Amino acid sequence: MFKTIVIGTGPAGLTAAIYLARANLEPLVIEGIQPGGQLTTTTEVENFPGFPDGILGTDLMDNMRKQAERFGAKFKSGRVSRVDLQNRPFRLFLESGEMLISESVILSTGATANLLRIPNEHDYIGRGVSTCATCDGFFFRGKKVIVVGGGDSAMEEAHFLTRFAKEVRIVHRRNQLKAYQIMQDRARQNEKIEWSLDRTPLEVIPGEKGVSGLKVRDNQTGDEEIFDADGIFVAIGHHPNTKFLDGQLLTDRQGYLIVKPSTSETSIAGVFACGDVQDPHYRQAITSAGSGAIAAMDCERFLEETSDRLIRK
């Protein structure tokens, strides 16, 4: 039986593993189907403190893993298909059929960006296609970019990108936006933003060094056209990776795990959450890493208190 198991190896999970390992708790870390998380799909990361010249996303996550291993964290490849959190110790079941038992669990399974599922989109993520303006906007200084979406996040991303891009075009498949009116008004007042509503994205057009445009269909006429662009930002929402929990923990309407204020504690004692799986707002590597440290310290305190109660009995 393990003292603690961390599910997920993004910045949150690996930071938690570093802290837990340094506390001699010998954590087991389950890597999942995308070791390193979403940062492994990016190229250069320039906003993570400590790297003045930037660092490749894959290198950053590799360094964090090595640091966790150095202090004694163990890693296991596999995907957790279901969990039993009704009684301690908790039971985790891998897709391979293996069962793991742990006194505590840290959930850092992240959130997955919704994609358009059109040709070339997935292949060019990190090479012109992005799901995070805050992460990648700087790379498109003086360029033309497209934001796909009509909700609040799309308006926010478009407005943010005008700090760098010379032109931002919003493409939305409906002729009306879903964003709150105040968000729409803010975007419409920005002179850098162009509008292409009632158009369905059909294909990401490759370029010599990345992407060169987006093919769309006019939903009224059926005509197809290509909008030139150096970058395409898909802003149609995220979904937290919590399906395998089967409703055992309290979540919000979107499925993000709810934690007690100023902690990482979920609705079940001994189960903690960190990173994007409990953060629908910021979704940054550095905020995820910080929440991972919080989860590890909360977990360590929980195990100490549990052990003390057993000794007193």
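We use all heavy atoms of the structure for the numbers below, so side chains are in, but hydrogens, waters and symmetry mates are not. None of these values were measured; they are calculated from a predicted model.
Each of F90 and L303 belongs to its own hydrophobic cluster when Ile, Leu, Val, Met, Phe, Trp and Tyr are linked at side-chain heavy-atom distances under 4.5 angstrom. A chain of hydrophobic side-chain contacts below 4.5 Å, direct or via other Ile, Leu, Val, Met, Phe, Trp or Tyr residues, connects L92 to I268. The same ILVMFWY cluster, assembled from side-chain heavy atoms under 4.5 Å apart, contains both L116 and V211. Linking Ile, Leu, Val, Met, Phe, Trp and Tyr whenever their side-chain heavy atoms come within less than 4.5 Å puts I55 and I286 in one cluster. Residues V216 and V129 fall within the same hydrophobic cluster, defined by Ile, Leu, Val, Met, Phe, Trp and Tyr side chains chained together at heavy-atom separations under 4.5 Å.
Enclosure of atom CD in E194 by more than 12 non-hydrogen atoms of other residues, nucleotides or ligands within 6.0 angstrom is indicated. Around atom CZ of F138, no more than 12 heavy atoms belonging to other residues, nucleotides or ligands sit under 6.0 Å away. Other residues, nucleotides and ligands contribute more than 12 heavy atoms inside 6.0 Å of the CD atom of Q181. Enclosure of atom NE2 in H239 by more than 12 non-hydrogen atoms of other residues, nucleotides or ligands within 6.0 angstrom is indicated. By the 6.0 Å contact criterion, CD on E98 is enclosed, its count of non-hydrogen atoms from other residues, nucleotides or ligands being greater than 12.
The two residues D198 and Q220 have their closest heavy-atom pair at OD2-NE2, 2.7 Å. Taking both residues in full, the closest heavy atoms of V45 and G57 are given as CG2-CA, 3.8 Å, listed atom of the first, atom of the second, then distance. What you find for V147 and A158 is that their closest heavy atoms are CG2-CA, 4.0 Å. Closest of all the heavy-atom pairs between Y19 and A296 is CB-CB, 3.4 Å. Of all heavy-atom pairs spanning A111 and D276, the tightest one is N-CB, 3.7 Å. Nearest heavy-atom pair, A133 versus F233, reported as atom, atom and distance to 0.1 Å: CA-CE2, 3.7 Å.
Using modelled atom types, no side-chain atom of S196 and backbone atom of V171 make a donor-acceptor pair closer than 3.5 Å. Although no hydrogens or angles enter the test, the distance criterion places a donor-acceptor pair under 3.5 Å between the side chain of D252 and the main chain of G255. The backbone N or O of S153 sits nowhere less than 3.5 Å from a side-chain atom of E157 that would complete a donor-acceptor pair. Of the possible donor and acceptor atoms, one in the side chain of D84 sits under 3.5 Å from a partner among the backbone N and O of Q86. Without hydrogens or angle criteria, S267 side chain to L250 main chain gives a donor-acceptor distance under 3.5 Å. Side chain of R199 to main chain of L197: a donor-acceptor pair is present (N/O by atom type, distance under 3.5 Å, no hydrogens or angles). Checking side-chain atoms of N241 against main-chain N and O of V277 turns up no donor-acceptor pair under 3.5 Å. In this structure, S108 contributes its side chain and A12 its backbone to no donor-acceptor pair below 3.5 Å. Not a single donor-acceptor pair under 3.5 Å links the side chain of K143 to the backbone N or O of D230. In this structure a side-chain-to-backbone donor-acceptor pair under 3.5 Å is missing from Q278 to A273.
Side-chain contact between R188 and W195: present, with at least one pair of heavy atoms (C-beta onward) separated by less than 4.5 Å. Side-chain contact check for L161 versus F140: every heavy-atom pair is 4.5 Å or farther apart. In this structure, the side chains of F272 and T4 stay at 4.5 Å or more apart for every pair of heavy atoms. L245 is listed as a side-chain neighbour of L107, based on a closest heavy-atom distance under 4.5 Å. Counting heavy atoms from C-beta on, the side chains of R186 and M155 never come closer than 4.5 Å. For the pair C135 and Q284, the minimum side-chain heavy-atom distance is below 4.5 Å. Within the 4.5 Å cutoff, no side-chain heavy atoms of F164 are placed close to those of V145. Within the 4.5 Å cutoff, side-chain heavy atoms of R88 are placed close to those of T306.
With I125 as reference, L115 is the one residue of L115, V234, T131 to meet the side chain to side chain contact (heavy atoms under 4.5 Å, CB included) rule. Checking R79, M99, K76 one by one against L94, the side chain to side chain contact (heavy atoms under 4.5 Å, CB included) holds for a single residue, K76. Each of S288, S291, C299 was compared with C274 under the side chain to side chain contact (heavy atoms under 4.5 Å, CB included) criterion, and only S291 meets it.
Rounding to the nearest 0.5 Å gives a distance of 5.0 Å between CD1 of I146 and CD1 of I232. Remark: H159 NE2 to I170 CD1 distance equals 11.0 Å, nearest 0.5 Å. Rounded to the nearest 0.5 angstrom, I106 CD1 and I5 CD1 are separated by 11.0 Å. Note that NZ of K192 is 11.0 Å distant from CZ of R163, once rounded to the nearest 0.5 Å. A distance of 13.0 Å separates CD of E167 from CD of E191, quoted to the nearest 0.5 Å. In this structure, the separation between CE on M1 and OG on S102 is 8.0 Å, given to the nearest 0.5 Å.
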Evaluate H172 against L177 for side-chain contact (heavy atoms from CB on, under 4.5 Å), listing each step before the verdict.
CA-CA 8 Å; H172 184 45; L177 301 171; 4.0 Å; yes
Assess whether side-chain contact (heavy atoms from CB on, under 4.5 Å) is satisfied between Y282 and T134, documenting all intermediate values.
CA-CA 9 Å; Y282 298 104; T134 308; over 6 Å; no
Salt bridge (Lys or Arg N to Asp or Glu O under 4.0 Å) for D62 and K66? Distances and angles first, verdict last.
CA-CA 6 Å; D62 188 48; K66 289 177 180 176; 3.2 Å; yes
Kindly indicate, with the supporting measurements, whether the criterion side-chain contact (heavy atoms from CB on, under 4.5 Å) is fulfilled by L202 and E224.
CA-CA 9 Å; L202 299 177; E224 296 181 2; 3.6 Å; yes
L14/F75 under side-chain contact (heavy atoms from CB on, under 4.5 Å): CA gap, chis, key distance, verdict
CA-CA 10 Å; L14 291 178; F75 287 78; 3.6 Å; yes
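Under the 6.0 Å distance and 45° angle rule, R127 counts as a cation-pi partner of Y124.
Residue pairs meeting the side-chain hydrogen bond (donor to acceptor under 3.5 Å, both in side chains) criterion with at least one partner in residues 253-265, sequence neighbours excluded, are S264-D298.
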